[in-house]
Each structure stands twice: as C-alpha cells, then as structure tokens.
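Before I ask anything, let me first share the structure, which is written out below as structure tokens.
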Amino acid sequence: MPDSKDTIYYQEGPRCVLLLHGFVGSIQEIGRTARALRKAGYSVYAFNLAGHGTKSVDDLFQIHPNEWTHQVDEAIQFLEDERYKQIAIMGLSLGGILALNAAQKYPNQFTTIGAFNSPCINGLDPTPIRKYITSSIRRILSHRKWSDEDIQQEIETLTPLMNRQIEQIDELIIGVRDNLQKITTPTYIAKSIQDELIDPKTQDDIASKLTHATVHLDSFQDGRHAITTSPAFRDFQEALIDYLDQLAWA
C-alpha cells in the first residue's frame, strides 16, 4: 500500500482514474476531484510528484522532469499489479502533459486520457510561470512566518534553478506536442476561460492536433488555471464524471 501521506487511493470498483496534479501543486489541489470521482463509483489513485508537497520549497527545483515520467510509469505498473484493467489517466496542467506523454508511450493501456488546462503547445511562457512560482513560494514561506527580506533572498537563490527547470519542462512539452497525432485513445480536455497562466486557446490547439483520437472538449467560463480548486470546480467535476460515465469501459 502506498504511503497515505503522499497518495490518495480510493478502491471503489474496476474503473480506476490515475489523477495527476499540476506544477507547484500537490494531491491537495486534486483532492476534491478525487472525492467526487470516488462518490461516483470510480477508484482513484493519485500521488505527489517528486519535489512537491514537501516542507522545503527548494526540493522542487532539484528534480528533473524524467523523475516525474518515471513515477507515472511506476503508478501504471502499480495499478496493473492491483489488477485494474480499466484505467483512465488524467491530469491538471503539468499532470496533463504527463498523461499525454503516457498515452504516447502506452498506446493501448488506457480507456481514456485527460488534460485540464495543459500548456502542451507553446510551452511555458517564462514571465507568468515565474510569477506563478514566486507567488507560490511567497505564500508558503509567509505561512511559515518568514520575513519579507528572507523570502526575497530565498527567491533570488532559487531563481537560477527555477529557470533551468522551466527549460527542462519545455523540452518535455516539445516532445509530447510533436507526437500528439500518434494518440488514438479517447481524450477529454478541460479549458478554463479565465486561465491566468496560459492562453485558453491552447486547449483548442491541443484538440486540433489529436487527429487520430476522439476528443471531448469542455469550456468553463468561471474556471481559472487550477480548475480543480477554482470557482468552476463543481461544474468541472460534473462534466468530467458525465464524460467518464458515457465511455465504453469494458
């Protein structure tokens, strides 16, 4: 059994959703979605990506994206060992990139895949993503009673590592983007109209490049980038479950 501190594992039936959180997030940001899926009768497995959900903010920037893809590989193997034969893999933002990557690596593995506000076309725009990361660091450290001066010093120390990691994530994005046409698995895409981090049109572009897959795209007027915790989270949960319920899982 995985460590419950860093994982969510609901065993509710033969249909299982492997749910991946976003960059600078944790399983907490997808917890509501996981519970809604559980209530709807789906098993759910989620875990903290390496460097996320730890006590030290600099842990994140010590990680290469290859570690995240390896974790996804291990999670897929875990679910196979648990005898799940009907698996969906879905993720928020970075989690969506990892889900699309897994679908390319394992073309016959999943019933469906999903990407929620994934930056999987033009990569990460450095300016807003840096603001997003530094804002997250400020929030975390201020909760830990750090002074403004110490927080600023920590951000300046971490900035070179942050820039390097953004470049590494972009390399992963490019590899996934250039192979979207290879995906044949039915795909669910969620688009937040109020996305403050990436252009909402990105989700339309992803859908247009999935030329060999059946694509279902839902738009959420009140959704923000982290749609799972945004004002549109209930509408998103209902739409996602409606989509999953209509699939031919057997």
*asked:* Quick one, Leu49 and Glu67 - any side-chain contact, counting heavy atoms below 4.5 Å?
replied: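 No; the side chains remain at least 4.5 Å from each other.
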*Report yes or no: do Ile8 and Ile227 belong to one cluster of Ile/Leu/Val/Met/Phe/Trp/Tyr joined by side chain heavy-atom distances under 4.5 Å?*
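Yes, same cluster.
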*Compute whether any side-chain donor of one residue and acceptor of the other, for Asp81 and Gln77, lie under 3.5 angstrom apart.*
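Present: a donor and an acceptor within the cut-off.
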_I'd like to know if the side chain of His225 pairs up with that of Ser93 as donor and acceptor (distance under 3.5 Å, no hydrogens or angles considered)._
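Side chains of His225 and Ser93: pair found under 3.5 Å.
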_Qualifying residues under salt bridge (Lys or Arg N to Asp or Glu O under 4.0 Å), relative to Asp73, sequence neighbours excluded_ =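 Asp73 satisfies salt bridge (Lys or Arg N to Asp or Glu O under 4.0 Å) with Lys105 once adjacent residues are dropped.
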*Would Asp205 and Lys201 pass as an ion pair if we require N to O under 4.0 Å?*
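Lys201 and Asp205: salt-bridged.
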_Is any side-chain heavy atom of Asp218 closer than 4.5 Å to one of Tyr188?_
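Of all side-chain heavy-atom pairs linking Asp218 with Tyr188, at least one is under 4.5 Å.
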*Assert yes or no for the condition that the ring centre distance of Phe236 to Phe116 is strictly below 6.0 Å.*
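For Phe236 and Phe116, the ring centres are under 6.0 Å apart.
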*Do Arg130 and Met162 come within less than 4.5 Å of each other through their side chains, counting heavy atoms only?*
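Arg130 reaches Met162 side chain to side chain.
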*Considering the options Asp150, Ile151, Leu158, which one meets the side chain to side chain contact (heavy atoms under 4.5 Å, CB included) requirement together with Glu154?*
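With Glu154 as partner, side chain to side chain contact (heavy atoms under 4.5 Å, CB included) holds for just one option, Leu158.
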*Using a strict 4.0 Å threshold on nitrogen-to-oxygen distance, state whether Asp195 and Arg224 make a salt bridge.*
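The answer is no: the pair does not qualify as a salt bridge.
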*Hey, are the side chains of Gln104 and Ile183 touching, using non-hydrogen atoms and a 4.5 Å cut-off?*
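In short, these two side chains touch, coming nearer than 4.5 Å.
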*asked:* Assess, by modelled atom type and distance only, whether the side chains of Tyr106 and Asn101 contain a donor and an acceptor separated by less than 3.5 Å.
replied: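 The answer is no; no qualifying pair exists.
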*asked:* Between Gln109 and Glu80, is there a side-chain donor-acceptor contact under 3.5 Å, judged purely by atom types and distance?
replied: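 The answer is yes; a qualifying pair exists.
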_For the CD atom on Gln62, are there more than 12 heavy atoms of other groups (residues, nucleotides or ligands in this structure) within a distance under 6.0 Å?_
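Counting neighbours around CD of Gln62, more than 12 heavy atoms of other residues, nucleotides or ligands fall under 6.0 Å, so yes.
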_Side chains of Thr202 and Asp199 only: does a donor on one sit below 3.5 Å from an acceptor on the other?_
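Their side chains do not contain a donor-acceptor pair, so the 3.5 Å distance test is not met.
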*Would you confirm whether the ring centroid of Phe47 sits within less than 6.0 angstrom of the ring centroid of Trp68?*
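No, the ring of Trp68 stays outside the 6.0 Å limit from the ring of Phe47, centre to centre.
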*Do Leu98 and Thr69 have side chains that get closer than 4.5 Å, going by heavy atoms?*
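They are in contact (side-chain heavy atoms under 4.5 Å apart), so the answer is yes.
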*Indicate whether the side chain of Tyr9 and that of Ser43 have a donor and an acceptor atom separated by less than 3.5 Å.*
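Checked: Tyr9/Ser43 side chains show no N/O donor-acceptor pair below 3.5 Å.
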